[in-house]
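Proteins get letters first, then strands, A, B, ... in listed order; numbering begins at 1 in each.
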Amino acid sequence: MRAAVIVFPGSNCDRDVAVCLRQICNTQPIMVWHGEHTLPPCDLIVLPGGFSYGDYLRCGAMAANSPIMAEVVKAAKSGVATLGICNGFQMLTECGLLSGVLMRNQALHFVCRNVRLQVQQTDTPFTHLYEKDKEIVIPVAHNDGNYFADADTLQSLKDNGQIIFTYGEGDNPNGSQLDIAGVCDKSRRIVGMMPHPERRAEAALGGDDGLRLFAGLLEAVA
Amino acid sequence: MKATIHITLKAGVLDPQGKAIETALHRLGFAQVIQARQGKLIEIDLDESDATTARATLKDMCEQMLANTVIEDYEITLHNDK
Amino acid sequence: MKATIHITLKAGVLDPQGKAIETALHRLGFAQVIQARQGKLIEIDLDESDATTARATLKDMCEQMLANTVIEDYEITLHNDK
Amino acid sequence: MTITKEIVAEHGLAPDEYERILAAMEREPNLTELGVFSVMWSEHCSYKSSRKWLKTLPTQGEKVIQGPGENAGVIDIGDGDAAVFKMESHNHPSFIEPYQGAATGVGGIMRDVFTMGARPVASLNALRFGDPSHPKTRHLVGGVVSGIGGYGNCIGVPTVGGEVNFDPAYNGNILVNAMCVGLARTDKIFYAAATGIDSPVVYVGSKTGRDGIHGATMASAEFDDASDAKRPTVQVGDPFTEKLLLEACQELMASDAIIGIQDMGAAGLTSSSVEMADKGGVGIHLNLDKVPCREEKMTAYEMLLSESQERMLMVLKVGREAEAKLIFDKWGLDFAVIGNLTDTNRMVIEHQGAIVADMPLSPLAEGAPEYDRPHTPTPAAALFASPDTHPHNLPDTLLHLLADPALASRRWVWEQYDSMVMGDTLAGSGGDAALVRVHNTNKAIAISVDVTPRYCFANPIEGGKQAVAETWRNITATGATPLAITNCLNFGNPEKPEIMGQFIGCLEGMSQACRALDYPIVSGNVSLYNETDGIGILPTPAIGGVGLIDDHTKAIGAGFTQIGQRVYIIGDDGTHLGQSLYQQIILQNKNCFAPPCVDLDQERQNGDFVRQMILAGHITAAHDISDGGALVALAEMCLASFNEGNIGCAVDIQASHAFWFGEDQARYIIAVPVTPADACAALENEAAKNNIRLTSIGTTQADTLTLPDHAPIKITHLRTTHEAWFPTYMEGK
Ligand SMILES: Nc1ncnc2c1ncn2[C@@H]1O[C@H](COP(=O)(O)OP(=O)(O)O)[C@@H](O)[C@H]1O
Ligand SMILES: [Mg+2]
């Protein structure tokens, strides 16, 4: 699997996700600077977490306008698997690849902790190694992860099985509607999620619930 | 030309910050507060003296980046230089 | 009574958000932008029909909570109900 | 403009200090020069009250690469790796504007660390607030915590630990101490010294504004007739720019273009250029017309004294400017050659075609005043005679203590910090020391920040010893070897002999402990005059300790991992209730009694034993006994049990309140597997051989903590009790 990680000024989980991808793919992913105008050929695009542009204005808004994002949108629409983690999820909604928006957390605080997640859909290249409805544990770390969409959008997400991760019962850290932690587009090849799978990818960091997502991608898209 | 842009959440969109302000004001004893909403204020100095061009440019900025038009409305006010 | 409150950074205080917006606008090709500053916009619905009282109450709110007067200025505008 | 007595006083300079300036200058200084002297000779920059005593601290050791005197201390952690760390205060700004004050405190200490070529890998903080019921406290806690998180989370350095305390003594003076630890290669450490006549002096980072120009309200008003509104002295932090500055500096540091580098912290351009030139034994010429400014018509005075954040000063090798500029351009940061080194040993400042300052360097730096202020030792406090005649119900007492602001869980605080970014945090907040892996290796560094101000107040020497010993114990309890410390010495007004006595006493205690534990001091910071309306803070010498474990898989935590394991106390029985939380909270006795003594030989002996046994794999959980005593420590081990499981303990000994709540030092609680069958016997033998006191107190069990003759306490109940106070308080309920 050839993976490309897009690096924005202010990204800070780019290395973390690269470490995880290298472990899975046995090669270093391609790190692509936001100012580039071309995207190297790849099977997976990752928009990493962090504070692109300091999260100023709106999280992900300025990153979504970076030169490279036009290429990312094109590639994603042509079927290249695309994963937005945390700040990356915010970018995917900002550039319209995913519906909804991520508002300020209900408690108005940054929150960093492990959360329980339900894997709602296992028929995506991202989630096929998980067992449906079984709880996994993955950390979150964000200020703006409160998923919001209008009623029609929510209904269509439900109808099309696009809500792929939800927070476990009683463990919603941000006030997200329907406990949404991650969604995909209709093609099921573009995924945005607030939890950080790369932070739960080895025993020393508490387990490998996150690693399975990348392992699944390796099988599905390589 | 100077401009002020108000960016506000569309009606019906969740406003956690506004809600929090409302609750905090009530807690401080400001019972008269019926509702509070929070938006953004962006002030821009533009090297452009024609109002029509300025307004069109600012509209572009809002559409492209300053506002997320899925959830936000924007309103541009121009101020003439003194 | 409805009110709009503008909260802006005092002159001379660093505005990282404004600066980042400015840079991003330049990158998008809006070379005309000389400066951008970001502030907050708070809209409050007040159960109060007397303008003088309303203004005094809003001022209290700003001083006590809405603005951080060490680094921010505020400006209150009242709108009559239609 | 002639310099009047009033102007001298406005600049915080004493009349005799002004005489020294006249002698050094051999003429009357102009206002700009006076401004430069005033900041360089301020307590903050010159350490004039403390320098004499700081020199007595032990700073040497086998692992020390760089002791005090640079931006941060550096120690060798093997394999060509170095740990670079320092702690600093941002007390006053945080009281005025808690969010920005704390944020810029974090930003400042990170710059100190990455200036030296290190990548910051961990951030910690030590916070003291006033009484929770004081009207300002809640607002200050909220602002400080979100400011620390706001900066650290954005720049992407995990915040892995710290401490939060409340005491009315801090009502008017909160303490915000931030510590940063970075990692570097031992052959790629960068220093501040500037050498090479004609080498270019380069300014990088953010633009200069009129931020934090203090002590000079009058003077600057005269200089700048354009300004109307009163200028705020609070600086706003920009973590996004600092992240770019960090990456750009790291990129440039990979080359060999840099001769010296120094962040612009307190007293900005002035102190950074004076320090660089003075350390290199050269002169410096700056042209202020080249300084990137964010405001118009800035005067030389303002540019020299501005404390705008996210800026650095570098001296490059001649001819390397262009390649360096490319890097800073890429990251969108200002880059300007603003001067060069000279052979004059003077600082010469040019602005708008005129020389606006021309001053000899050495009086500004090592020639600054140094005082031996009068001091009186703190009188000995009486021993507390425990009124243990009517013992309270043990479980109730425990629950009461765990629910008190002094001991309640700090989860509300630490969950607002990103503790996991960078992917190497093996243990964050909630245990004894934090453990951060050295990327791509099996090694981990262990870090802990501690001090018990009430002990320091009652007995500065014992308190100083205890602060050092507690970090040492916390690090030891993970299995790591403590290597060196940094410190942040927060005290009241040094012009009062009793405050100076506290200062000297604490330093004396710290020194004794550092020597006994082979635990040198490699960096630090002093914050004096923490006093409002004549009320000083408790003496608060915060200590930040750093240790190393070669194989992190051998490290253990404080939480119980399995049921059926034997639980022991290592060290003597608890006896000492003076200054304990039991005395203060349960007995409601706030009198100032003597704190526990620290027997440093016993510390060393017990700690070395615990560490050996952990590394040999005999111990599965360890926690030191500190605030609250043994029963609180035991409860904390239940609360921290593996994966937030609910592993409790069946206590099988009967003991007094002093045993359970005494805060005697040099003690730990450990858990030991009972299989193989002779594991416990082996450990007991080993302890006997080493002359270590070991007391078996119980066995781990599922779900409850039970004390003989008392109803069991459910761990879930213990947890709700422990977790409740902070969030409830912060919601203002
Ligand atoms: N309490 C202390 N113990 C040891 N060293 C100290 C102490 N206080 C200050 N120092 C050392 O003195 C030097 C100057 O400190 P400081 O002015 O705080 O540094 P900076 O200029 O980076 O802010 C530093 O090298 C620091 O490590
Ligand atoms: Mg420094």
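- Contacts of D:Glu531 classified as salt bridge (Lys or Arg N to Asp or Glu O under 4.0 Å), with partners at least two apart in sequence or in another chain: D:Lys496.
- Proximity of D:Lys207 to C:Leu14: side-chain heavy atoms (C-beta onward) are nowhere separated by under 4.5 Å.
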Does C:Val13 form a side-chain contact (heavy atoms from CB on, under 4.5 Å) with D:Gln235? I'd like the steps, not just the answer. CA-CA 7 Å; C:Val13 174; D:Gln235 304 137 50; over 6 Å; no
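- Within a 6.0 Å radius of NE2 in D:His134, more than 12 heavy atoms belonging to other residues, nucleotides or ligands are found.
- C:Lys19 approaches D:Ser206 most closely through the heavy-atom pair NZ-OG, 3.9 Å.
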**Study point:** Verdict with supporting geometry, D:Gln100 and C:Asn68, side-chain contact (heavy atoms from CB on, under 4.5 Å)
**Key:** CA-CA 11 Å; D:Gln100 296 297 346; C:Asn68 176 351; 5.8 Å; no
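- To the nearest 0.5 Å, atom CE of residue C:Met65 and atom NE2 of residue D:His139 are 11.5 Å apart.
- Note: C:Ile71 CD1 to D:Ile96 CD1 = 12.0 Å, rounded to the nearest 0.5 Å.
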Donor-acceptor contacts under 3.5 Å from residues 142-150 of chain D side chains, at least two apart:
residue  : atom : partner  : partner atom : Å
D:Ser146 : OG   : D:Gly142 : O            : 3.0
D:Ser146 : OG   : D:Gly143 : O            : 3.4

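- Residues meeting the salt bridge (Lys or Arg N to Asp or Glu O under 4.0 Å) test with D:Lys330, sequence neighbours left out: D:Glu251.
- Proximity of C:Pro16 to D:Val236: side-chain heavy atoms (C-beta onward) are separated by under 4.5 Å at one or more points.
- For residues 50-60 of chain C, an interface with chain D (any heavy-atom pair closer than 4.5 Å) does not exist.
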